[in-house]
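Contents: one structure, followed by commentary.
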Amino acid sequence: MSLVKKADAAGAAAGDGSGKIEVKPIHSVDEVKQDYHDDIVIKGAHVHNLKNISVRIPRNKFIVVTGVSGSGKSSLTIDTLFAEGQRRYAESLSAYARQFMQRMNKPDVDYIHGLCPAIAIEQKVITRTPRSTVGSMTEIYDYLRLLFARVGKTISPVSGKEVKKDDVADVVNAINALKEGDKVLLLVPFKTGPGRDAKEEMNILLQKGFSRLLVNEEVIRIEDLLSDSTHTVFNNKKGKSSPTIHLLIDRLVKKDFDDEDMHRIADSVTTAFYEGEGSLQLLVNDKKTMNFSNKFEADGIRFEEPVPNLFSFNNPYGACPVCEGFSQVLGIDKDLVIPNPQLSLYEEAVAPWKGEKMGAWKDAFIREAKKFNFPIHKPIAELNKEQLDDLWNGNKYVNGINDFFKEVEQQLYKVQYRVLLSRYRGKTTCHTCDGYRLRKEALYVKVGGEHIGTLCEWPVRDLKVWFDKLKLSEHDGKVAKRILTEIHHRLHTLIEVGLGYLTLSRLANSLSGGESQRIQLTRSLGSNLTDSLYILDEPSIGLHSRDTQRLITVLKALRDLGNTVVVVEHDEMMMKEADHIIDMGPLASHLGGEVVAQGDYDTICSD
C-alpha cells in the first residue's frame, strides 16, 4: 500500500500550487526490516495531532523538520523519536537501576526500526544552580584546572619569584657551580626535640654519627661541648642573644668530583634534608649562605602545591572561604550607594551623605579635597581608579564611604542606624577573592603570566587569541599537549556557534534558551560520540545570518562524525544546506499532523 499525502499548502510552499506530492512508499514490515539499517523508519505515529503518519529518516544525514507552528514537528521529533530512544535506553538498564528513574511511557506509535541512541538538545536552561557556569557546562574549566595543576607556576606575592621545591639534584648542581677551591659547609639548624635539653640532643647526635656543630661561625666538636658545661650553649645569660647553632653534616672543597665523590655528596644532602626537616644551608667560604628547602615555600610563606581541586570553586579545598565559591556576599551595594553615577560628589551623588547630620561627611570630604586634588564637580562615572579608591576607602586626609558604613555598624543598637544600613545592603562582589570564587593560594598559580580567574573573565574570542599565542617550555608543552587540544577545540566550537562574546565565568542560569542549547551542542561535539541521533529544537533563533552559517558548519561536523542530526527549523538557509527535509502540515493543530513533503531542498521546490 503506497503512502500518498494530499498537500494543498505544501504545493503552495513549493511554488507551483500543485495538488499532490507523492512521498516515498513503505510497502511492508518485511521490507522495512530488510533495509532499516540504512534508515530510521517510523510506522503509524499517533502522538498528539499526528495522523497515523509513516516516515523514513535517512541515517547519518543532516535532516530538517519544518512546517507551520503546531503542525506536529516537535510531536514527531521530541515526543516520538527521542521519547522512544530514551525509553529503550532505560529498558536496557537493570531493574534495580530503573527503580530510581521516572516511568517512561511508550509513545503512541506502531513501531520504530533502526533507532539509534537519541540525545535531545532543547531550548531551555538545564540548570538553575548559581555554581554552574559556562566554563563548567562546556567542560573548558575542567581542562583549565588540569592545565594549571600540571604546568602552572606558583608565584610568590612578596618577591614575585617562582616557588618550587628543592631536591638533591638542585643542591648538587649548586655545589658543582662553585669556583675551584671554594670551601663548603653543609649545615642544618640545631633543634632540640620535645622534652629534651641541648645536652640530651647532642648525645643523640653523637649516637647517630655526627661529630661537629657550628656555633656562632666556629666549628666545635660535640664531645668538647659536652665536656664544657660552662659554654654559652648551655648557660645563656639573660640580656644576651642566644648563640646561632647549626649541625655540621659534611665539609667539602670544590674540585672536579668523581663518581664516588658525587655519591657521597648526594648521600650527605639526603641526610641533611632529613635531619633539617626539609631545610638545609650551604655556607661557602664562611661568607656566602645558600638556603634550600624541599618544602613548597618561599619568603616565609607556605604555599599549596597545585592540584586540580585547588582550582575548583565547587570543592571546599579550592573555594574562597568567605563567599564559599559563589563570588558574591551580602554587603554594601555600590549601585544603591551611588544610584546615579552621572552626578558629582558636590551634587550629592552619594545617597547616604544627605541631610543635616549625614551631610557632614560630604562637607568634610569637600573641604579636604584640595589637598589630594580630588575633582568634586566631576561625575562619579568619569573618575579614575585612584579617585574612586579615595572616595570609597579614604586616605590620610579624609574618611571615605566605607569608613562611614563602619561607623554606622558601630551604632546598630539604634533603630535608625539599622534602618539606614538596610537601605544599602545587597549582593556585592566578595572582597576576599575579588569575585574569582577561589582561595588566594589558587590565584598565585599562573600560566603565561595569568591566573585562572583572569582567563575566566575574558570573552571566549579573546581567550582563543590568548591560547593561540601561548608559549610553553618544551617539557610543559608535552605535558599540556592533549589538554590544550581539547581547550582549543571547545573554544573554536563556541565561536562557531556564535557564542564568542560569553565569558567562562558567566552564570548558567543567566543564559537564554538558545545560548544554553548551543552550549550543549558544544559539549556534544567535544564528547566525540558516533552512531547517535541528535535532535535540536530551532538552534538558529536569535542568530545573525553569518552565525547561522557557522552553526550549520558545526551541525555538519556532528553529522560527519557518523551521527544522524535532526533539526526542527524554519530558517531557509538551514533548509538549503540540509541533506533531507521533512515538511509537516498542511496547517496547525487538528488540521496538521501529516507529512506533506519530503526530500532535499531542490526536489521539493521542483515538484
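- For the pair Arg131 and Phe326, the cation-pi criterion (under 6.0 Å, within 45° of the ring axis) is fulfilled.
- Counting only heavy atoms from C-beta outward, the side chains of Val329 and Thr432 never approach each other to under 4.5 Å.
- Between the Arg437 side chain and the Gly325 main chain, a donor and an acceptor come within less than 3.5 Å of each other.
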Problem - Worked verdict on Val447 versus Leu455 for side-chain contact (heavy atoms from CB on, under 4.5 Å) - result: CA-CA 10 Å; Val447 172; Leu455 299 186; 6.0 Å; no
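- Of the residues Ile175, Val168, Asp250, the one that meets the side chain to side chain contact (heavy atoms under 4.5 Å, CB included) test with Ile265 is Ile175.
- What you find for Asn563 and Ser532 is that their closest heavy atoms are OD1-N, 3.0 Å.
- Residues satisfying the side chain to side chain contact (heavy atoms under 4.5 Å, CB included) criterion with Thr454, sequence neighbours excluded, are Tyr436, Glu450, His451, Trp458.
- Dense packing is recorded around CD of Glu180, with more than 12 heavy atoms of other residues, nucleotides or ligands lying under 6.0 Å away.
- Of all heavy-atom pairs between Leu146 and Pro308, the closest is CD2-CG, 4.1 Å.
- Environment of CZ in Arg482: sparse, with no more than 12 heavy atoms of neighbouring residues, nucleotides or ligands closer than 6.0 Å.
- Counting non-hydrogen atoms of neighbouring residues, nucleotides and ligands closer than 6.0 angstrom, the CZ atom of Arg425 exceeds 12 such neighbours.
- Checking side-chain atoms of Arg518 against main-chain N and O of Val497 turns up a donor-acceptor pair under 3.5 Å.
- For the pair Leu521/Leu555, a side-chain contact is recorded, criterion being any heavy-atom separation below 4.5 Å from C-beta on.
- Considering every non-hydrogen atom in both Arg150 and Val479, the closest pair reads CB-CG1, 3.8 Å.
- Residues Ile249 and Phe210 meet the side-chain proximity criterion, which asks for heavy atoms closer than 4.5 Å.
- Using modelled atom types, one side-chain atom of Asn285 and one backbone atom of Lys183 make a donor-acceptor pair closer than 3.5 Å.
- Results of the side chain to side chain contact (heavy atoms under 4.5 Å, CB included) test with Lys378 over Leu383, Asn384, Leu345 single out Leu383 as the only residue that passes.
- The minimum heavy-atom distance linking Gly160 with Ile155 is given by the pair O-CG2, 3.4 Å.
- Ring pair Trp361/Phe404 is perpendicular by interplanar angle, where above 60° counts as perpendicular and below 30° as parallel.
- Counted within 6.0 Å of NE2 on His263, heavy atoms from surrounding residues, nucleotides or ligands total 12 or fewer; the atom is thus considered open.
- Thr289 OG1 to Asn291 CG: the interatomic distance, rounded to the nearest 0.5 Å, is 6.5 Å.
- Taking 4.5 Å as the limit, every side-chain heavy atom of Phe313 sits out of range of all side-chain heavy atoms of Ser505.
- Annotation: Tyr501, atom OH; neighbour count of heavy atoms from other residues, nucleotides and ligands within 6.0 Å is above 12.
- Although no hydrogens or angles enter the test, the distance criterion places a donor-acceptor pair under 3.5 Å between the side chain of Asp167 and the main chain of Ala169.
- Between Asp560 atom CG and Thr553 atom OG1 the span is 10.5 Å, to the nearest 0.5 Å.
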Exercise for the section: Report the C-alpha separation of Lys469 and Val465 in whole Å, then their side-chain angles, then the decisive distance to 0.1 Å, and conclude whether the side-chain contact (heavy atoms from CB on, under 4.5 Å) test is met. Expected result: CA-CA 6 Å; Lys469 295 179 179 179; Val465 172; 3.9 Å; yes
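- Judged by distance alone, with hydrogens and angles left aside, the side-chain atoms of Gln281 form no donor-acceptor pair with the main-chain N or O of Leu187 at under 3.5 Å.
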Practice task
Might you work through the salt bridge (charged side-chain N to carboxylate O under 4.0 Å, His left out) test for Glu162 and Lys164, ending with a clear yes or no?
Solution key: CA-CA 6 Å; Glu162 182 183 343; Lys164 60 180 182 179; 5.9 Å; no
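- Shown here is Tyr96, whose OH atom has no more than 12 heavy atoms of other residues, nucleotides or ligands within 6.0 Å.
- Under the ring pair (Phe, Tyr, Trp, His ring centres under 6.0 Å) criterion, Phe374 pairs with Phe365, sequence neighbours left out.
- Here the closest heavy-atom approach between residue Leu438 and residue Cys433 is recorded as O-CB, 3.3 Å.
- Counting only distance, with no hydrogens or angles, the side chain of Asp267 and the backbone of Arg264 share no donor-acceptor pair below 3.5 Å.
- Taking CG from Asp468 and NE2 from His492, the interatomic distance works out to 10.5 Å, rounded to the nearest 0.5 Å.
- Gln520 and Tyr534 are not linked by any side-chain donor-acceptor pair at a separation below 3.5 angstrom, with hydrogens and angles left out of the test.
- In this structure, the separation between CG on Leu561 and NZ on Lys556 is 14.5 Å, given to the nearest 0.5 Å.
- Using a distance-only test at 3.5 Å, with no hydrogens or angles considered, a donor-acceptor pair links the side chain of Asn216 to the main chain of Thr244.
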Exercise for the section: Report the C-alpha distance between Ile220 and Leu213 in whole Å, list the side-chain angles of each, state the deciding distance to 0.1 Å, and finish with yes or no for side-chain contact (heavy atoms from CB on, under 4.5 Å). Expected result: CA-CA 5 Å; Ile220 304 176; Leu213 294 177; 5.6 Å; no
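- Cys456 places a side-chain heavy atom less than 4.5 Å from the side chain of Tyr141.
- Taking every heavy atom of both residues into account, Ala319 and Glu324 meet most closely at CB-C, 3.9 Å.
- Heavy-atom contacts from other residues, nucleotides or ligands closer than 6.0 Å to CD of Glu200 number more than 12.
- Put simply, the side chain of Glu382 never gets that close to the backbone of Pro379: no donor and acceptor are under 3.5 Å apart.
- Under a 3.5 Å cut-off, the side chain of Asp166 and the backbone N or O of Val171 do not form any donor-acceptor pair.
- Taking the ring axis of Tyr317 as reference, the NZ or CZ atom of Arg439 stays within 45° of it and closer than 6.0 Å to the ring centre.
- Rounded to the nearest 0.5 angstrom, Glu277 CD and Lys295 NZ are separated by 6.0 Å.
- Under a cut-off of 6.0 angstrom, the local environment of CD in Gln328 is crowded, with over 12 non-hydrogen atoms contributed by other residues, nucleotides or ligands.
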Handout entry: Leu186 and Val269: CA distance, side-chain angles, deciding distance, side-chain contact (heavy atoms from CB on, under 4.5 Å) verdict
Key = CA-CA 8 Å; Leu186 185 56; Val269 172; 4.3 Å; yes
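- The existence of a salt bridge linking Asp261 and Lys255 is confirmed by a sub-4.0 Å separation between a basic side-chain nitrogen and an acidic carboxylate oxygen.
- Looking at Asp476, its side chain never comes within 3.5 Å of a backbone N or O of Ser473 through a donor-acceptor pair.
- Tyr424 places none of its side-chain heavy atoms less than 4.5 Å from the side chain of Val408.
- Within the 4.5 Å cutoff, no side-chain heavy atoms of Ile483 are placed close to those of Val151.
- Annotation: side chain of Cys430 is not in contact with side chain of Ser327 (no heavy-atom distance under 4.5 Å).
- One finds the CE atom of Met137 at 11.0 Å from the CZ atom of Arg506 (value rounded to the nearest 0.5 Å).
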